[in-house]
Amino acid sequence: MSKLAINVSNKVQAFKKGTAFVIGVRNSSKGMGLTTSKTDVSVLSEHDLEHLGANFNLESMSRVAAPNGAIFALLGLGDSAVEKLNPDAYRALGGAIARNLKGIAQVVVDLGITKQDDLLALIEGIQLGNYEYNGLKSKANVKPIAFSKVTVITDLKVTAANLSRIQIIAGAVQSTRDLVNTPPNLMYPAAMVKEVQSASKGLGLSITVWDEKALAKDGFGGILAVGMGSSRPPRLVKLEYRPKGAKNHLALVGKGITFDTGGLSLKPAESMVGMKYDMTGAATAFQSVVAIAKLGLPVRVTAWLCLAENMPSGTAQRPDDVIKIRNGKTVEVLNTDAEGRLVLADGLSVAAEAKPDLILDIATLTGAATIALGNRYAGLMGDEKAVSAVQQAAKNTGELVWHMPLPIELRQLLNSDVADIANVKIGNRAGGMLIGGHFLREFVPSTIAWAHLDVAGPADNGGAAYGYTPKGGTGAILRTMVEVASGLAKAK
C-alpha cells in the first residue's frame with residue numbers, strides 16, 4: 001500500500017495532467033445526471049453521460065478526458081429511489097475510489113458532501129481501500145501504487161485529530177490484513193510473537209509470553225493439546241495496555257491457529273487451502289490493542305493471543321483424548337478439527353481471572369457460521385449486555401454482525417461420559433455455530449459480561465474486492481473492537 005495524505009479544501013485546484021477529478025453520477029426521476037460539485041464540469045454537459053460510458057450503479061467508475069490532460073472519474077452513487085447515501089455508503093464509495101484510482105498519484109474528490117459524518121466515512125473508506133498485498137511476488141510482477149494524495153472538496157472542516165484517528169485505525173486494519181495474508185511457512189506461533197514484540201515498541205504495552213514449558217506448568221491444556229502435533233510449538237501472549245486513570249477493563253481473546261490441517265481429523269485438501277486465515281482472531285485482538293494504545297483511550301485493555309499450529313503427527317492429540325483446561329474443567333476431544341474452541345477455552349479462563357468488565361473473543365471458529373450467515377456477517381453470541389455493546393459499536397462503524405441465539409437444548413449435545421464437556425457432538429450437523437458458542441460459554445463465569453464473534457465468513461474475502469474490502473484478509477471487526485473500547489472508556 002502507498003502512504004496516503006488526505007486533506008479537505010473548499011477550493012478546486014486547476015486541471016492538470018496526472019490528476020483525477022472524482023465526480024458523482026446519480027440516477028433520479030429525471031434520469032442519470034451529475035451530482036452537485038464545485039468542479040467545472042461544463043465540458044461534460046455537451047455529452048450524453050451514457051454515451052461516455054458513465055454508470056450510476058453504486059461504486060461503478062468510468063474515466064473521461066478532462067481539460068489540460070486531467071481525468072474525470074465518474075463515480076456511480078446509485079439510484080436516489082433505492083440507495084440512501086449514508087455514512088456506510090460513503091465509506092464504501094471511498095474504498096471504490098482508492099481501488100479504482102491506485103495508478104493515479106493525485107486525486108480530487110468532489111461529491112458535494114454536506115454532512116460531517118458522511119465526510120469522515122468517505123475519508124475512512126479511502127484509507128481502508130488503499131491496500132494491496134503482493135506477498136512474495138517478484139518486483140517484475142508487482143505494479144507500483146501511485147495513489148498518494150487526495151483532496152476532498154467540501155465547505156466542511158475536518159480536524160487533525162479526526163484525520164489522525166482514521167489513519168491509526170486504518171493502519172491497524174491494514175496490519176491485520178498483512179498478518180493474516182502472510183503464508184503459513186512464515187507465520188507460526190513464534191513468528192507471531194516477534195510481530196507483537198516489534199509492533200508494541202514505544203506504546204507502553206506490557207507483553208508476557210508463555211512457551212510450551214510455561215504453558216504446561218500453568219495449566220493451559222487446550223493450547224498445548226492443539227499445538228503438540230507440530231514441530232513449531234504453541235505460544236500464549238498476554239498484551240496489556242493499562243493507562244493511568246482507566247476505570248474499566250476490556251479483555252480480548254483471539255484464536256490464533258497459524259495453520260489448521262484439522263490435526264488427525266484431517267481436512268480434505270480443498271478445505272485446507274486458506275487455513276492460514278485461522279489466526280485472524282489473534283491478529284485482530286493484537287492490532288486492536290495497538291490502535292487503542294495509539295489513540296490513547298482511557299480504558300484498560302488486555303489481549304490474550306492463543307497461538308498454535310494444528311498438525312497431524314505421532315505426537316498430535318487424538319480423538320478420544322481428555323484434556324484439562326486452565327480453569328480445571330476437562331474436555332473430551334472427539335474431533336481434533338474443532339481445535340479453536342480448545343485454545344479459546346484456555347484464553348477465556350485466564351482472561352476471566354482478572355475479572356474484567358467485558359470479555360470479547362473473536363475467532364474464525366466454524367464453517368457453520370458461513371452456512372448460516374454467508375461471507376459478510378459475523379455471528380454474535382453471548383449475554384445481553386455484551387451483545388448490546390458489540391451491536392452498537394458495529395452499527396457505529398458500519399461493520400456487519402448478526403445476533404445469534406444460544407438455545408438451551410443444544411447444550412446437552414456436548415455432554416460427555418468421561419469428561420466435564422465434549423468439544424463436539426459427532427454426527428450432528430445442526431446449529432454448529434451455536435454449539436461452538438455454548439462450548440465457550442462454559443469457560444466464562446456468569447458474573448462477567450461476555451460475547452463471542454465468529455468471523456469465519458468476513459475474515460477472508462475469497463472473491464473480488466468491493467467497497468473498502470480487499471481480496472484476501474479483510475481486517476473485519478477490528479474497528480468494532482476499538483469502538484467497544486471507546487464506549488467503555490466513556491462509561492462510568
Side-chain angles (χ1 to χ4, degrees), residues 1 4 91 95 98 124-125 127-135 165-184 186-189 191-200 203 205 237 239 241 250 252-259 274-295 301 303-307 340 360-365 375-376 378 390 393-394 397-401 453-462 465 467-485:
M1 75 203 80
L4 184 59
R91 196 176 287 110
E124 183 178 41
Q127 287 283 17
L128 291 169
N130 181 39
Y131 179 83
E132 187 172 285
Y133 183 79
N134 290 303
R165 177 182 171 83
I166 289 171
Q167 190 172 39
I168 287 170
I169 294 176
V173 170
Q174 291 166 346
S175 294
T176 302
R177 293 169 178 170
D178 284 345
L179 291 167
V180 173
N181 285 327
T182 300
L186 302 178
M187 184 55 63
Y188 46 91
M192 184 72 166
V193 172
K194 289 183 179 179
E195 292 287 346
V196 174
Q197 292 169 334
S198 175
S200 301
L203 296 180
L205 303 176
V237 178
L239 181 63
Y241 167 65
L250 170 65
L252 304 176
V253 182
K255 174 187 173 183
I257 304 301
T258 57
F259 192 74
M275 283 298 105
K276 65 180 181 179
Y277 297 116
D278 220 12
M279 42 70 76
T280 294
T284 304
F286 155 39
Q287 282 297 323
S288 293
V289 176
V290 170
I292 290 164
K294 287 182 177 180
L295 291 170
V301 185
W304 297 90
L305 316 182
C306 308
L307 309 173
L360 300 180
D361 75 74
I362 181 168
T364 47
L365 200 70
N375 294 317
R376 297 193 182 185
V390 175
T397 59
E399 296 198 289
L400 302 176
V401 302
L453 280 151
D454 192 333
V455 296
D460 165 33
N461 175 28
Y468 54 83
T469 301
K471 185 175 182 179
T474 65
I477 304 300
L478 180 142
R479 293 184 299 117
T480 295
M481 298 293 96
V482 176
E483 186 68 13
V484 169

| So does Asp361 pair up with Lys255, basic N to acidic O under 4.0 Å? | no
For Leu186 and Ala191, the nearest pair of non-hydrogen atoms, with its separation, is O-CB, 3.4 Å
In the structure I gave you, are the side-chain heavy atoms of Thr280 and Asp460 within less than 4.5 Å of one another anywhere?
no
Output for pair (Glu195 CD, Phe286 CZ), nearest 0.5 Å, gives 6.5 Å
Heavy-atom nearest pair, Ile292 first then Ala485, reads CD1-CB, 3.5 Å
Please evaluate residues Leu295 and Arg165 with respect to the criterion side chain to side chain contact (heavy atoms under 4.5 Å, CB included), reporting the C-alpha separation (whole Å), side-chain torsions for both, the decisive distance (0.1 Å), and the verdict. CA-CA 7 Å; Leu295 291 170; Arg165 177 182 171 83; 3.6 Å; yes
**Prompt:** Is it the case that Asn461 and Thr474 place a side-chain donor and acceptor less than 3.5 Å from each other?
**Reply:** no
Taken to the nearest 0.5 Å, the spacing of Ile362 CD1 from Ser288 OG works out to 7.0 Å
Problem - Any side-chain heavy-atom pair of Glu399 and Arg479 under 4.5 Å - result: yes
Any donor-acceptor N or O pair under 3.5 Å, side chains Thr397, Glu483 = no
Self-check item: Met279 side chain near Leu307 side chain, heavy-atom distance below 4.5 Å
Solution: no
ask   = Does Ala465 offer a backbone N or O that forms a donor-acceptor pair with the side chain of Thr469 under 3.5 Å?
value = no
So CD of Glu124 and OH of Tyr468: to nearest 0.5 Å the spacing works out to 7.5 Å
Check your understanding: Quick one: are Val290 and Ser175 in side-chain contact, heavy atoms under 4.5 Å?
Key -> no
Separation between CD1 (Ile257) and CG (Leu365), nearest 0.5 Å, reads 10.0 Å
Between Met481 and Leu453 the two heavy atoms that sit nearest each other are CE-CD1, 3.4 Å
Go through the steps to decide whether Lys276 and Val180 satisfy the test side chain to side chain contact (heavy atoms under 4.5 Å, CB included), and finish with yes or no.
-> CA-CA 7 Å; Lys276 65 180 181 179; Val180 173; 5.9 Å; no
Rounded to the nearest 0.5 Å, the OH atom of Tyr188 sits from the NZ atom of Lys194 at a distance of 5.5 Å
Between Tyr133 and Asp178, does a side chain to side chain contact (heavy atoms under 4.5 Å, CB included) hold up when you go through it step by step? CA-CA 7 Å; Tyr133 183 79; Asp178 284 345; 3.6 Å; yes
Query raised in the report: Leu252 versus Trp304: any side-chain heavy-atom pair under 4.5 Å?
Result: no
All heavy atoms of Pro184 vs all of Thr258, minimum pair found to be CB-O, 3.9 Å
Do the non-hydrogen side-chain atoms of Pro458 and Arg376 ever get within less than 4.5 Å of each other?
no
For the residue pair Arg177 and Tyr131, would you count it as a cation-pi contact if the rule is NZ or CZ under 6.0 angstrom from the ring centre and within 45 degrees of the ring axis?
yes
message = Test side chain to side chain contact (heavy atoms under 4.5 Å, CB included) on Val173 and Gln287; report intermediate values, then the result.
response = CA-CA 7 Å; Val173 170; Gln287 282 297 323; over 6 Å; no
All heavy atoms of Asn181 vs all of Gly473, minimum pair found to be OD1-N, 2.8 Å
dist Ile169:CD1 -> Gln127:CD (nearest 0.5 Å) comes out at 11.0 Å
Smallest heavy-atom separation, Gln174 atom then Asn130 atom, equals NE2-O, 3.2 Å
